[in-house]
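Side-chain atoms are counted along with the backbone in the values below, which use heavy atoms only and exclude waters and symmetry mates. Below, chains carry the letters A, B, ... as their sequence lines are ordered, and counting in each starts from 1.
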Amino acid sequence: MLEIKFLRQNLSDVQKALKARGQSADLHAFQKCDEDRRMILQEIEALRHQRNVVSDQIAEMKKAGENADILVAEMRDVSIRIKELDKDLTLKQEQLDEILLGLPNLPHSTVPMGKDESENPVIKTVGDPAQFGFDPKAHWELGQMLGILDFERAAKITGSRFPLYFGAGAKLERALINFMLDIHTTSHGYTETLPPFIVNRQSMTHTGQLPKFEEDLFKLSNWDYFLIPTAEVPVTNIHQGEILDEDKLPLCYTAYTPCFRSEAGSYGKDTRGLIRQHQFNKVELVKFTTPETSYDELETLLADAESILQKLQLPYQVVELCTGDLGFSAAKTYDIEVWMPAQGVYREISSCSNFEDFQARRANIRFKRKGKKGTELVHTLNGSGLAVGRTLAALLENFQQSDGAVVIPDALVSYLGGMEKIAP
RNA sequence: GGAAGGGUGGCUGAGUGGUUGAAAGCGGCGGCCUCGAAAGCCGUUGAAGGUGCAUGCCUUCCGCGAGUUCGAAUCUCGCCCCUUCCGCCA
């Protein structure tokens, strides 16, 4: 959510920024609503003031044994009028909230202009894709050959786009989760958390999934609860409504959770393999920072996510999302894309964003500076560190041998009880 | 699911209709003391919003929402959450 005062004073700049995102918004409706609301508010406050003053008078008169019937009758009318105006105010406030909650964040000044993902600049490429003396197989073929992935049976259990792992596959997924959590907690200073996988409507609104993107979520039928699409939601909401101490910042959390996404509108896209599932595992990184450090923290967050790929010896590139590809809540985002040899493309495996105070304002997460009056909103950041299913897919494809076996990178061997390769 | 109790400021915790934004304590900040610190003492210390060039003024906020009243932290009703006990259960 944008600050209402800022919006009021910078309407044309905001309009421009929205256009860069490829969106248009009816900011005139906002302007009108905002003005109406303030008019009503001022009238209400004046009436309340009158009532407060006169009520004190009434108390004095009664104490003195005088008759206050006339004032009481007057104030009865004032109260009725206040009640009427209150209804108007609530209505205006709701309209205003609807507009404000529907406006995306503004791109940071360093975000490159562009219309869609085709215009995301690559800012670095790390590692050399392996040369195969044969046609590399897709991970779903390898998974099937090795007997560690079974999408057909998963479809019987639930439906399409659900994963089912067996044996070394299940163990590898678990090993990756442990490996990532261990690195982030012991080498990068994150605190491990294990949050709820189901959250309420408020939490979803705080991080920006709601109200606009409800169709992307799985909702429980008899509850106003949702399955989380990412650990970002529960972990960012750990501190909703809190005033944090300045010297506790930055707060850095990591969490493993499964993630659930309806993938509405992606029919026919990435239908095979582990790339686009309704349920997948992810290790997430979340930070709460002061405003002046958030962009430095974004760089280290990115480096923390990258280090996992480096330790796994997976080739990748980092792209910067252009204005047209930026997510709703983000001010700036880097995507890490891992090399997938079978398709010959880089695929997103992590997305690292600074939300500045956009989520903090919705979730009311503030901090207090030492010796200073008042509070300020924190900045929130998060990134995948990493998407586990996609990491497993990348491992299978990048480390496959001509006989279909898959070599385990050194960093993971101890997590697999010494297993160095998955053989058919 | 049944029964009881409870949700008050950064924290603990008083407060049952009219200077209560709210006692007290802790914490924070400033000062005195000290070579310096601790202890002690004194003072100070909530947030959000509206308005104004501004010192400021005003409004709201005691879980949430309605209601009673001239006036509600305080009375009534509904809801949410927490704790304890019982039942059921991984």
Polar side-chain atom of A:D245 near backbone of A:D247 as donor-acceptor pair, under 3.5 Å
no
Whether A:E306 and A:K311 form a salt bridge (side-chain N of Lys/Arg under 4.0 Å from carboxylate O of Asp/Glu) is what I want to check.
no
Take atom [atom1] in [N] and the same atom in [M], then report the distance between them in whole Å.
N: B:U60; M: B:U12; atom1: P; result: 27 Å
N: B:C26; M: B:A14; atom1: C1'; result: 15 Å
N: B:G21; M: B:C61; atom1: P; result: 11 Å
N: B:G7; M: B:A73; atom1: P; result: 16 Å
N: B:U45; M: B:U59; atom1: C1'; result: 22 Å
N: B:U74; M: B:G18; atom1: C1'; result: 12 Å

Check the pair A:L210, A:F226 against side chain to side chain contact (heavy atoms under 4.5 Å, CB included), reporting the backbone distance first and the verdict last.
CA-CA 11 Å; A:L210 292 177; A:F226 301 84; 3.8 Å; yes
Check whether any side-chain N or O of [X] sits under 4.0 Å from OP1 or OP2 of [N], and answer yes or no.
X: A:K368; N: B:G9; value: no
X: A:S79; N: B:U69; value: no
X: A:R51; N: B:G71; value: yes

Proximity to RNA chain B (any heavy atom under 4.0 Å), residues of residues 87-98 of chain A only
none
For RNA chain B, which residues in residues 54-64 of chain A have a heavy atom at a distance below 4.0 Å?
A:S55, A:I58, A:A59, A:K62
Using the side-chain hydrogen bond (donor to acceptor under 3.5 Å, both in side chains) criterion, which residues pair with [X]? Sequence neighbours excluded.
X: A:T230; value: A:K282
X: A:S353; value: A:T333
X: A:R8; value: A:D34
X: A:N105; value: none

Filter on ring-ring contact (aromatic ring centres under 6.0 Å, His included), then keep only pairs touching residues 138-170 of chain A, sequence neighbours left out; what's left?
A:F162-A:H278
Secondary-structure stems, RNA chain B, at least 3 Watson-Crick or G-U base pairs under 3.5 Å:
B:1-7 with B:80-86, B:10-12 with B:24-26, B:27-32 with B:40-45, B:46-51 with B:56-61, B:63-67 with B:75-79
So which protein N/O to nucleotides 56-58 of chain B N/O distances come out below 3.5 Å?
{"from": "B:C58", "atom 1": "O3'", "to": "A:H49", "atom 2": "ND1", "distance (Å)": "2.8"}

Decide side chain to side chain contact (heavy atoms under 4.5 Å, CB included) for A:L217 and A:M204; before the verdict, give the C-alpha distance in whole Å, the side-chain angles of both, and the deciding distance to 0.1 Å.
CA-CA 10 Å; A:L217 302 170; A:M204 283 292 187; 4.0 Å; yes
Find the distance A:N364:CG to B:A47:P and express it as a whole number of Å.
13 Å
Take A:E263 and A:R276, measure what side chain to side chain contact (heavy atoms under 4.5 Å, CB included) needs, and give me the verdict at the end.
CA-CA 8 Å; A:E263 294 298 342; A:R276 193 174 300 277; 3.3 Å; yes
In sequence, state the C-alpha distance, the side-chain angles, and the governing distance for A:F288 and A:H379, and then conclude on ring pair (Phe, Tyr, Trp, His ring centres under 6.0 Å).
CA-CA 6 Å; A:F288 301 82; A:H379 280 196; over 10 Å; no
Would you be so kind as to tabulate the donor-acceptor pairs closer than 3.5 Å made by side chains of residues 89-96 of chain A, with sequence neighbours excluded?
{"from": "A:T90", "atom 1": "OG1", "to": "A:D86", "atom 2": "O", "distance (Å)": "2.9"}
{"from": "A:K92", "atom 1": "NZ", "to": "A:D36", "atom 2": "OD2", "distance (Å)": "3.2"}
{"from": "A:Q93", "atom 1": "OE1", "to": "A:R37", "atom 2": "NH1", "distance (Å)": "3.2"}
{"from": "A:Q93", "atom 1": "NE2", "to": "A:D97", "atom 2": "OD1", "distance (Å)": "3.2"}

Residues, nucleotides or ligands: over 12 heavy atoms within 6.0 Å of A:Q15 CD:
yes
Could you give me the CA-CA distance, side-chain angles and deciding distance for A:Y295 and A:H108, then say whether ring pair (Phe, Tyr, Trp, His ring centres under 6.0 Å) is met?
CA-CA 10 Å; A:Y295 279 95; A:H108 187 249; 4.0 Å; yes
Output all residues satisfying side-chain contact (heavy atoms from CB on, under 4.5 Å) with A:R153, sequence neighbours left out; order by chain, then residue number.
A:D150, A:K156, A:L164
Can you work out whether A:V72 or A:I243 has the more 5'-proximal nearest nucleotide on RNA chain B?
A:I243
Pick the nucleotide of RNA chain B nearest each of A:V53 and A:G374; which residue has the one closer to the 5' end?
A:G374
Which pairs, protein N/O on one side and nucleotides 51-55 of chain B N/O on the other, fall under 3.5 Å?
{"from": "B:U51", "atom 1": "OP1", "to": "A:R38", "atom 2": "NH1", "distance (Å)": "3.3"}
{"from": "B:U51", "atom 1": "OP1", "to": "A:Q42", "atom 2": "NE2", "distance (Å)": "3.4"}

Parallel, tilted or perpendicular, judged at 30° and 60°: which one describes the rings of A:Y190 and A:H188?
perpendicular
